[in-house]
Trainee: 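Below: one structure in C-alpha cells.
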Number of protein chains: 2
Amino acid sequence: MKIRSEFTCPLEVTLDMISGKWKPIIIWRLRLGKQQLSTLNKDIQGINQKMLIQHLSELIECGIVEKITYGGYPLKVEYFLTELGWKFLRGLEVFQKIGQEYLGQYDNKSFLSNAR
Amino acid sequence: MKIRSEFTCPLEVTLDMISGKWKPIIIWRLRLGKQQLSTLNKDIQGINQKMLIQHLSELIECGIVEKITYGGYPLKVEYFLTELGWKFLRGLEVFQKIGQEYLGQYDNKSFLSNAR
DNA sequence: CCGTATCCTCTGCGATACTG
DNA sequence: CAGTATCGCAGAGGATACGG
C-alpha cells in the first residue's frame, strides 16, 4: 500500500487508504457484520483468495478493519469494521446511491464498452 | 479507463469511474468553479500536465466533467463539473472530512511510513 | 496555453501451487 | 478454512519532447 507523501488535501490520503480494486467492496460487504474469508470470497464476484487476503491485510494495517482469530479446527477467523471503517462506509454509501441511479437511468454509457 | 464488467454491486462501477491517482482531487478542485488546465496543474501538488489531461479526458468520457473551448490566442479552455460530477463531489466531501479528522487526531500512523 | 506522441519503469493484480 | 510464496504480465503513471 502506497500513500503519497505530498498531497493537496487530506482527501488524497483517505482515498489512498482504500485504493485497490477490491477494498471498497470489501468494506461494503462488512457492513453486514462480521464475515469469514470464505464468505467474502464467495460473495464478491471475480475476486480470488490471494487478493482478498492482501487487501484485508492492508485495511487492517491502516485501521479500517480488524479480525478475530478463533482457535480449533477447522480454523475460524472473522473480519469486521472498526469505528474508522464505519466512517468510510458512510462515504461509500453515497457512491452506491450514485451507481444505482446512474445504472438505471441511461442505457448507453459508451465508456462501459471498455468493460472487461 | 477500465470498468469491470462483473460486479457485486453498483458501488464498484461508480468507483471505477473515478479510479486513477488524480481523478478525485481534480473533481475536488473543480468544486471551486471553472478551472483552466494551467491552474489545475499549478494547484495540484505532484501532478504533471500529461496525467492531468489524460484524467480530465476520462472524466469527460464518463460524464463527470465538461469543458468549454474559447477561440483566440492564447488558447483558453475551462473545465467544470457536470451535474453528475457534483454528485460525486458530495461523496468526496465525506472522505475529505474523514481525512481531516484522522490526520489531526493521531501522530503515529505507521502505514504512513510507506509514504513516497 | 493546450494537447499529442514516445518511451520506459514499476506495481497492481491474477494464476497457481503449497503449508498449518 | 486460512494464509504464504512465486512467477508473469498488462497497464497505470511519469519524463520528455514536439506540435497547433
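Chain naming here is simple, since letters A, B, ... match the order of the sequence lines and numbering starts at 1 in each. Keep in mind it's a predicted model, so treat the numbers as computed, not measured.
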Trainee: Between Glu78(A) (CD) and dG3(D) (C1'), how many Å, whole number?
Mentor: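 Distance check: Glu78(A) CD to dG3(D) C1' gives 17 Å.
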
Trainee: Hydrophobic clusters here meaning ILVMFWY residues chained together by side-chain heavy-atom distances under 4.5 Å, can you tell me if Val94(B) and Trp86(B) are in one?
Mentor: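 Yes, Val94(B) connects to Trp86(B) through the hydrophobic network.
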
Trainee: Under 4.0 angstrom, heavy atoms only, what part of the nucleic acid is Lys67(A) near: base, sugar-phosphate, or nothing?
Mentor: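 It contacts sugar-phosphate atoms only.
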
Trainee: Calculate the interatomic distance between Ile53(B) atom CD1 and dG19(D) atom C1'; express it in whole Å.
Mentor: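 Atom-to-atom, Ile53(B) to dG19(D), this comes out as 13 Å.
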
Trainee: From the set dC13(C), dA15(D), dC1(D), return the single nucleotide nearest to any side-chain atom of Asn48(B).
Mentor: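 So the side chain of Asn48(B) is nearest to dA15(D).
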
Trainee: Considering just the side-chain nitrogens and oxygens of Tyr79(B), establish if one lies under 4.0 Å of OP1 or OP2 belonging to dG3(C).
Mentor: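 For Tyr79(B), the contact criterion (side-chain N or O under 4.0 Å from OP1 or OP2 of dG3(C)) is met.
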
Trainee: Could you please name the option among dC1(D), dG3(D), dG11(D) that lies closest to any side-chain atom of Gln36(A)?
Mentor: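 Of the candidates, dC1(D) comes closest.
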
Trainee: Hey, does the side-chain of Gln49(A) have a donor or acceptor N/O within less than 3.5 Å of a partner on the base of dG3(D)?
Mentor: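 Flag set: donor-acceptor pair detected.
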
Trainee: Please pick, from dG3(D), dC1(C), dG14(D), the nucleotide with the shortest atom-to-atom distance to any side-chain atom of Val77(A).
Mentor: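 Ranking dG3(D), dC1(C), dG14(D) by closest atom to the Val77(A) side chain puts dG3(D) first.
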
Trainee: Once you round it to whole Å, what is the distance between C1' of dG11(D) and CZ of Arg4(B)?
Mentor: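 Arg4(B) atom CZ is separated from dG11(D) atom C1' by 15 Å.
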
Trainee: I'd like to know if Lys87(A) pairs up with Glu101(B) as an ion pair, taking the criterion as any Lys NZ or Arg NE/NH1/NH2 lying under 4.0 Å from an Asp or Glu carboxylate oxygen.
Mentor: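 Yes.
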
Trainee: Say whether, by atom type as modelled, one donor and one acceptor occur between the side chain of Arg29(A) and the main chain of Ile26(A) under 3.5 angstrom.
Mentor: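 Not a single qualifying donor-acceptor pair exists.
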
Trainee: I need the CG-P distance between Leu75(A) and dC1(D), as an integer number of Å.
Mentor: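 Distance, rounded to whole Å: 11 Å.
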
Trainee: Any side-chain N or O of Lys2(B) under 4.0 Å from OP1/OP2 of dA10(D)?
Mentor: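 So the side-chain polar atoms of Lys2(B) never come under 4.0 Å of the phosphate oxygens OP1 or OP2 of dA10(D).
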
Trainee: Of Tyr73(B) and Ser19(A), whose nearest nucleotide on DNA chain C comes first from the 5' end?
Mentor: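 By nearest-heavy-atom nucleotide position, the 5'-most residue is Tyr73(B).
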
Trainee: Would you say the base of dG14(C) and the side-chain of Lys50(A) have a donor-acceptor pair closer than 3.5 Å?
Mentor: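 When only heavy-atom distances are counted, Lys50(A) does reach the base of dG14(C) through a donor-acceptor pair under 3.5 Å.
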
Trainee: Going through the distances and angles, do Leu37(B) and Ile53(B) end up as a side-chain contact (heavy atoms from CB on, under 4.5 Å)?
Mentor: CA-CA 8 Å; Leu37(B) 196 67; Ile53(B) 290 181; 3.7 Å; yes

Trainee: Are OP1 or OP2 of dA2(D) and a side-chain N or O of Ser38(A) less than 4.0 angstrom apart?
Mentor: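 Checking Ser38(A) against dA2(D): at least one side-chain N or O falls below 4.0 Å of OP1 or OP2.
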
Trainee: In whole angstrom, give the distance that lies between atom CG of Leu52(A) and atom C1' of dC1(D).
Mentor: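 These atoms are roughly 13 Å apart.
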
Trainee: Between dA12(D), dG13(D), dG14(D), spot the one nearest the side chain of His55(B), thanks.
Mentor: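 Of dA12(D), dG13(D), dG14(D), dG13(D) is nearest to the side chain of His55(B).
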
Trainee: Tell me what Tyr70(A) touches on the nucleic acid: a base, only sugar-phosphate, or nothing, going by heavy atoms under 4.0 Å.
Mentor: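 Since no nucleic acid heavy atom lies under 4.0 Å of Tyr70(A), the category is nothing.
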
Trainee: Measure the acute angle between the ring planes of Phe88(A) and Phe95(B), then classify it against the limits of 30° and 60° as parallel, tilted or perpendicular.
Mentor: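 Aromatic pair Phe88(A)/Phe95(B) classed tilted.
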
Trainee: Nearest whole Å is fine: how far is dA12(D) P from Trp22(B) CH2?
Mentor: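 Going from Trp22(B) (CH2) to dA12(D) (P), I get 16 Å.
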
Trainee: Counting the atoms with a prime plus P, OP1 and OP2 as sugar-phosphate, which does Leu37(B) contact under 4.0 Å by heavy atoms, base, sugar-phosphate, or nothing?
Mentor: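 If one applies the 4.0 Å heavy-atom cut-off, Leu37(B) turns out to touch the sugar-phosphate alone, with no base involved.
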
Trainee: Rounded to whole Å, how long is the line connecting atom CE of Met51(A) with atom C1' of dG12(C)?
Mentor: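 Going from Met51(A) (CE) to dG12(C) (C1'), I get 7 Å.
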
Trainee: With the 4.5 Å side-chain cut-off for hydrophobic clustering, are Tyr70(A) and Phe80(A) part of the same group?
Mentor: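 Same cluster: Tyr70(A) reaches Phe80(A) through Ile, Leu, Val, Met, Phe, Trp or Tyr contacts under 4.5 Å.
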
Trainee: Can you check the Leu56(B) CG to dT4(C) P distance for me, whole Å?
Mentor: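 Computing the Leu56(B):CG to dT4(C):P distance gives 11 Å.
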
